[in-house]
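Reminder, nothing fancy here: chain letters follow the sequence lines and each chain counts from 1.
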Amino acid sequence: MERLLQDNEQRPQEAYYRKVQLPAGDLHVYASDSLFAGLDYKVLDMANNNLQIPGNRYMSYTPDVHVGVGTCIGTTAIWDMADGYVSPSIVGSDIGCGMRLHLTNLHRDDLRDVKLRRKLVKAIERHLPVEEQARGHFSDIRLDHIVRKGLSGLPKKYVPDGYTPRKATSLTRVECGKFGLDESYLERLPETVYHRAHRQLGTLGNGNHFAEIQYVEIDEDHRDIAEQWGLSDGQVAVMIHSGSRAWGGAVNQYCSSEIVKMMSRRGLGTADPKLLFAPLDSESGQMYVNLMYSALNYAVVNRHLIAYAIREAGQQVFGSKFEMSTLYDLMHNYAWEEKHGKNTLFVHRKGATRALPPGHPDNPDAYAETGHPALIPGSMGTSSYIMVGKPGGQSNYYSICHGAGRIRSRSATKRLVTMDQFRSSMRIGSDDEIVVNQRTLESLIDESPQAYKDVDQIIDSVVGAGLAGVVAKCKPLAAVKGV
DNA sequence: ATGTAC
């Protein structure tokens, strides 16, 4: 496999894409020559295992690809709906993890004073629980409604921008707010996860999950789209990155153990015992798909409630005139059915974001003409991006990257990055310091930018391949991390 | 990423 990577380096074909012919099938890699050359050859081993799942129709990597459990983060993997497979390993354990962006009526100049940014972060800490809550929190929200109905299961008071179909921007400006499922499967999960997941509603979680206060810098190439979306230069935005917490974890754990048994009974498997998969029409496959949808419901509500808490904090600091309208909410860890031409396909995206171009029928109404926003987080302290799909994205089933892509393990990052380097990347002590919440900087060092590829290079690669364009950069002013 | 077992 290492040999193959070197061969490809020696005969570059196109600048931003190449097809890698592996023993088990073709892998489509969307990465610039320099990013491709820097890939760990293990990502090709992993693709070769994934391609051994029967009937795979398409498999690709985005430029931020890196090794995960069973499957790389940065994978798009597709089967036919009629006789295909579903893989909990390809979806990954943080089912429904994704991004949400809100636009405020503040300008970055309003937050020029570092003391005011700190005051806002402290207010967010008061309203946004960073860890599991005591019993009784959100007692007016029923978890069984949330996991069955997603955003439609929320009481009206949590939809502050109106509840009529025309005005409910926080319910309609989402990739999907409600995933229908066969509710009988919910009974399979242990009772304890209901309590835990209820107490975790509206919390960030740990790792790379965050809420950031950012400001918008529009890209001149797409100023028309930016303005149609209501963006303006210097506008303060709130970006949220979180997933389905313990609920998704329990779904993954329970279904994985059932699928392991099924695979053993049927003699299914690849070279990697950690790579789990089930026929879509099998009992364990159906169970996984339905319970995965419940986790997608949980995740979209979780991000909505995080935004709700930050809105309350903003109003406490800036008064009731503070606004936080929803731009978009979309996922990067999931699998679902999509129509592509005449084909009905089951599309897995793990660390991959869908970016539909203008005019694509699957865009939500608000973005039918422009294409929808695709939200790509940078690493801590660096820019995040608001992208829009291009027609060329069709070649990759409209998948683009999901972030910078980790290049260094948490332990290696702690070993290699000094506190001085990290403090300097966060501009600590200067007037434009990126203010972080109560966690000490030492405890955040494994999320430092040095643990990640350069997100700008990842974005250049996606743009160069013709998959998407940059509508705006979002630059950090303050970051809130979970525990 | 997460809960849990070590």
Worksheet entry | Between P of B/dT2 and CG of A/Asn206, the distance in whole Å | 4 Å
Practice prompt. Find the distance A/Trp247:CH2 to B/dA1:C1' and express it as a whole number of Å.
Written response: 17 Å
Name each donor-acceptor pair under 3.5 Å that joins a side chain in residues 252-259 of chain A to protein atoms two or more places apart or in another chain, with its distance.
residue, atom, partner, partner atom, Å
A/Ser256, OG, A/Asn252, O, 2.6
A/Ser257, OG, A/Tyr254, O, 2.9
A/Glu258, OE2, A/Lys261, NZ, 3.0

Worksheet item: When the distance from CZ of A/Arg199 to C1' of B/dT2 is rounded to whole Å, what number comes out?
Response: 16 Å
Any protein N or O atoms within reach of nucleotides 4-6 of chain B? Criterion: under 3.5 Å, listing atom names and distances.
none

Worksheet entry | Member of A/Val65, A/Val20, A/Thr62 meeting the side-chain contact (heavy atoms from CB on, under 4.5 Å) criterion with A/Val29 | A/Val20
Worksheet entry | CZ (A/Arg423) with more than 12 external heavy atoms under 6.0 Å | no
Item to complete: Whole angstrom is fine here: how far is it from CG in A/Leu189 over to C1' in B/dT2?
Response: 15 Å
Discussion item. With a cut-off of less than 4.0 Å, is there a side-chain N or O of A/Asn252 near OP1 or OP2 of B/dT2?
Written reply: no
Discussion item. Check this for me: does any side-chain nitrogen of one of A/Arg118 and A/Glu433 sit under 4.0 Å from a carboxylate oxygen of the other?
Written reply: yes
Fill in: Separation of atom OH in A/Tyr298 from atom C1' in B/dT2, rounded to whole Å
12 Å
Item to complete: Report which part of the nucleic acid A/Gly243 touches: base, sugar-phosphate, or nothing (heavy-atom distance under 4.0 Å, all strands).
Response: nothing
Discussion item. Once you apply a heavy-atom cut-off of 4.0 Å, does A/Asn333 come out as touching a base, just sugar-phosphate, or nothing?
Written reply: nothing
Discussion item. Without decimals, in angstroms, what is the distance between A/His402 NE2 and B/dA1 P?
Written reply: 8 Å
Worksheet entry | Inter- and intrachain pairs under ring-ring contact (aromatic ring centres under 6.0 Å, His included), touching residues 191-214 of chain A, at least two apart | A/Tyr194-A/Trp247, A/His209-A/His241, A/Phe210-A/His241
Worksheet item: Expressed in angstrom and rounded to an integer, what is the separation of A/Asp94 atom CG from B/dT2 atom P?
Response: 6 Å
Item to complete: For the residue pair A/Trp79 and A/His348, categorise the inter-ring angle as parallel (less than 30°), tilted (30 to 60°) or perpendicular (more than 60°).
Response: perpendicular
Worksheet item: Looking across every strand, which nucleic acid part, if any, lies under 4.0 Å from A/Gln200 by heavy atom: base, sugar-phosphate, or nothing?
Response: sugar-phosphate
Worksheet, complete the sentence: Only one of A/Ser461, A/Ser60, A/Ser399, A/Ser395 passes side-chain hydrogen bond (donor to acceptor under 3.5 Å, both in side chains) with A/Tyr30, and that residue is A/Ser395
